[in-house]
Amino acid sequence: MIQKREHWLLASVMAGGMVLCWLVFLHCAPVSLNEGPSENYEGLTWRQVNHQVVLNHRLQSKQAKLMEPVRTDVLTVTPWMAPIVWEGTFDPLVIDETFRSHNLTIATTVFAVGKYTHFLRDFLESAEKHFMVGLDVHYYVFTDLPGDVPGNITLGLGRLLSIVKVPKFDRWQEISLRRMELIQTAIEDHIYREAHYIFCLDVDMRFHGRVGSEALGRLVAAIHPWFYMYPRSQYPYERRTVSTASVPQDQGDFYYQANIFGGALEDVHRLTKTCREHLEVDKSVGVEAVWQEESHLNWYLVKNKPTKLLSPEYVWDDAKRGKAEEIKLVRFSSVIKNKAEVRENP
């Protein structure tokens with residue numbers, strides 16, 4: 001009898017969590033009430049989307065099914081009520097029909113510097129099959145070798161690719177350290193006029209399954225696949241207080257991977273600007289955070305909670321032999337590679 005009561009209570013809690021998760025999802029994913037521009041504190045005019053979501057009767061029926069506890073094996077909502085997206089926690093039809101009516105453009109940055117241009121073809125071809133299908137996507141390829149960007153990739157309707165020339169860096173770590181600055185500058189120069197959302201992705205990745213509008217939100221981060229089952233004390237945060245990326249032992253919720261993060265342009269601009277400023281402070285005193293920009297990203301997300309989290313399905317690592325039982329679908333993963341071969345400098 002006690003076991004039955006415990007199961008009932010667990011089911012009730014999970015059902016309530018799913019309801020809250022869905023409500024937060026609907027309210028956090030879009031950005032603003034109007035399609036028109038809005039001035040922010042930086043003086044830039046952000047493109048914005050409708051905040052109100054109206055579902056027809058058919059979609060409302062599907063929405064009701066989402067309030068049932070379809071996943072009881074994983075955490076689906078954070079303590080601050082941000083949804084964590086797993087397979088089975090959303091209905092693709094509901095999400096797609098909700099977002100496609102807004103005519104959204106998703107800016108997508110990817111850095112292909114030096115030998116990392118070798119990963120571009122697989123990245124782009126797999127993205128065209130699985131990434132934000134049905135939405136307009138503008139890829140921005142940051143590279144020091146524009147001639148090595150594949151010119152015969154077939155892009156779908158509403159999909160564009162632009163090349164952003166960057167200098168050749170002396171160290172591979174410098175690429176990581178400069179990425180926040182370059183993304184911030186690109187947003188300020190032109191992306192703010194061209195897109196509603198932005199995702200920042202690593203090029204040595206491959207899409208295997210849907211990464212769609214369920215991932216959209218104001219500030220989106222992905223839970224690291226190597227640490228999501230670990231206690232906070234084992235997260236590889238920067239712990240040295242000499243760095244601006246330092247996270248105290250008693251702080252932190254999840255450890256996030258820098259392979260994929262994004263959100264509304266205004267929010268990602270604030271993130272990249274803050275991280276760049278902190279990176280520059282560290283550099284001025286001869287400090288380099290243990291995981292470069294990923295350490296600064298994690299510090300920022302400790303202080304500024306993401307409004308949506310992507311489960312490890314969205315940032316898997318092919319080096320993890322075998323698939324964990326809770327991973328129903330690998331959507332986006334780091335490919336296995338010889339890092340010594342693709343990193344030209346130590």
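Treat the numbers as computed from the prediction; the structure is a model and nothing was measured. Starting from 1, each residue takes its place in the sequence as its number.
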Can we say [X] and [Y] salt-bridge, meaning some charged N sits less than 4.0 Å from an Asp/Glu carboxylate O?
X    : Y    : value
D202 : R179 : yes
E313 : K328 : no
D148 : K115 : no
K305 : D253 : yes
E293 : R178 : no
E125 : K129 : no

Between T244 and H278, is there a donor-acceptor pair closer than 3.5 Å when you use the side chain of the first and the backbone of the second?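 Such a contact is found between T244 side chain and H278 backbone.
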
Side-chain (N304) to main-chain (Y300) donor-acceptor, under 3.5 angstrom: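 The answer is yes, because a donor-acceptor pair under 3.5 Å joins these two groups.
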
Quick check for you: to the nearest 0.5 Å, what is the distance between K308 atom NZ and L216 atom CG?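 Going from NZ on K308 over to CG on L216, the span is 6.5 Å.
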
Taking a hydrophobic cluster as the set of Ile, Leu, Val, Met, Phe, Trp and Tyr residues connected by side-chain heavy atoms closer than 4.5 Å, whether directly or through intermediates, do V281 and V287 fall within one such cluster?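 The answer is no; the residues belong to distinct hydrophobic clusters.
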
Search all heavy atoms of [X] against all heavy atoms of [Y] and return the closest pair with its distance.
X    : Y    : value
M132 : A215 : CE-CB, 4.2 Å
I336 : A319 : CG1-N, 3.9 Å
S311 : V85  : OG-O, 2.8 Å

When you measure from the centre of the six-membered ring of W226, is the NZ or CZ of K320 closer than 6.0 Å and no more than 45° off the axis?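 Judged by the rule, K320 and W226 form a cation-pi pair.
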
Any chance the rings of F123 and H118 have centres within less than 6.0 Å?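 No - the distance between ring centres of F123 and H118 does not fall below the 6.0 Å cut-off.
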
For E87, the option from R331, R210, R71 that meets side chain to side chain donor-acceptor pair (under 3.5 Å):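 Only one option passes, and that is R331.
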
Test F332 against every option in Y314, F199, F207, F131 by the ring-ring contact (aromatic ring centres under 6.0 Å, His included) rule and name the one that passes.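 The option that passes is F207.
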
